[in-house]
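Encoded as structure tokens, the structure appears first; notes follow it.
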Amino acid sequence: MSLLIETLPELAVFGGAPAFAEPKHVGAPNIGNRAALMQRIETILDNRRLSNRGPMVREFEDRVAAIAGVKHCVAMCNGTVALEIGARALNLTGEVIVPSFTFVATAHALKWQGLEPVFCDIDPVTHNLDPARVEALITPRTTGILAVHLWGRPAAVKQLEAVAMRHGLRLMFDAAHAFGSHLGGQPIGGSGDLEIFSFHATKFLNTAEGGAVVTNDDALAERVRLMQNFGFVGKDQVVALGVNGKMNEMSAAMGLTSLESMDEFLAVAHRNFRAWQREVASIPGLEMKTGGPDVSTNHQYIVVEVECHRAGLSRDDLVTALHAENVLARRYFYPGCHHMEPYRSSPPTGGYQLPQTEALCTRVMVLPTGTAVSLADIARMGDLLREMVGNGPEISHHLRMREKEQQT
Ligand SMILES: *Cc1c(COP(=O)(O)O)cnc(C)c1O
């Protein structure tokens, strides 16, 4: 064993120095022009207009609607509240079909509204809802489908619209990842009854915290607007039950500043994606899938699938070895919503039947990208991955020994 260690490379997992002095994160915020942001904040303070659909929020809503190609954008305090208000505005009741392979907010938003998320399996290539399986899960209690454009890859929009139409269901899209993505040349945003965006700090375009509901339905947009502002019309007339889902002016200032740099963020995301593709292509057992020919995504996530047998080590061991190098790869969306509470403790009769989701949850890792990640960083991370896969069995053996030591 000691002889083996001596011939091993200087990987940090074996005790070498980490390749990166500072951690490389997935989702380090993309930040636009600071001077432009400060100027906007000065304007906000000068005007003493901090919230309640001030000029910054109005401008942000107009710009987002134009980019998403929709009639209405209602800016929100975050994407989760956008999902909740969206579900309520659609009068959803009973069961709503949703993927389990998503960020837990997708399911939580429904459950928080007293709805029952019914988890549906996904297509192993796109990682998005499988429309045939959606149809098989429809019951008399089903009122809607909440599909996700996971990783910014458009869901099977046309097929899902057909399923919703056939069964008289409402259809909403969690487009938290998909601002700036396109399907068949059309921007993501105008499908189903409504779509929601997240502008959280970690998303491709951020307002620090923020989100939006977008729709082409005039009456629905009106209902969403009422609900996000306590049901107020005018100064003291309340016509509906509402909540506070408003975006503030500071966040809108950040959003407008981010939008000015959106082309640059996109260019960097695409450049980094191509660089990662070149690295991953030469590493056995690692694979990056791309959307179909009619798809263009914002590439805000670098999604790599690890085939354990070909790579010689598991996704989990690879992620452990990367973390030792200060490359903070993430196991999104492990372990799947259905393995999280409260869903884990209340499975449907017969249990969850999600084989594709289960398999993907052991395979997928997400690697650092965004404007905080350079081509040199990617080349270095590519070298590390190559070295790790080249020494897969040794790394796995070393980690098992370490686990055993820690147990005794
Ligand atoms: C980030 C995210 C959300 C929630 O958005 P917040 O703005 O963080 O509330 C919802 N769904 C998905 C898929 C997400 O990734």
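No experiment lies behind these values; they were computed from the predicted model shown. Positions are given from 1 along the sequence.
Checking side-chain atoms of S181 against main-chain N and O of G152 turns up a donor-acceptor pair under 3.5 Å. The main-chain N or O of E279 is found under 3.5 Å from a side-chain atom of S282 such that the two form a donor-acceptor pair.
Here the shortest heavy-atom pairing between L399 and T320 reads CD2-CG2, 3.9 Å. Here the closest heavy-atom approach between residue M56 and residue E249 is recorded as N-OE1, 2.9 Å.
Counting only N and O atoms by type, the side chains of S396 and D317 include a donor and acceptor under 3.5 Å apart. There is no side-chain donor-acceptor pair under 3.5 Å between E84 and H108. No donor-acceptor contact under 3.5 angstrom links the side chains of T362 and E358, judged on distance only.
Looking at M381 and W276, their side chains come closer than 4.5 Å, going by heavy atoms from C-beta outward.
A salt bridge links R53 with E61: the distance from a Lys NZ or Arg NE/NH1/NH2 to an Asp or Glu carboxylate oxygen falls below 4.0 Å. At a threshold of 4.0 Å, the pair R63-E260 does not count as salt-bridged, since none of the basic side-chain nitrogens sits closer than that to a carboxylate oxygen. Taking 4.0 Å as the cut-off between side-chain N and carboxylate O, E135 and R166 count as a salt-bridged pair.
Within 6.0 Å of CZ on R331 lie more than 12 heavy atoms contributed by other residues, nucleotides or ligands. A 6.0 Å sphere centred on CD of E341 holds more than 12 heavy atoms belonging to other residues, nucleotides or ligands.
Two rings, from H299 and H270, have their centers less than 6.0 Å apart. For an aromatic pair to be called close, the ring centres must be under 6.0 Å apart, and Y343 with F119 satisfies this.
Taking NE2 from H182 and CG from D294, the interatomic distance works out to 12.5 Å, rounded to the nearest 0.5 Å. The distance from atom OG1 of T202 to atom OH of Y301, rounded to the nearest 0.5 Å, is 5.5 Å.
Ring-plane geometry between H177 and F333 is classed as parallel, the angle between the planes falling under 30 degrees on a 0 to 90 degree scale with a further cut at 60. The aromatic rings of F197 and F199 are tilted relative to each other, their planes meeting at an angle between 30° and 60°.
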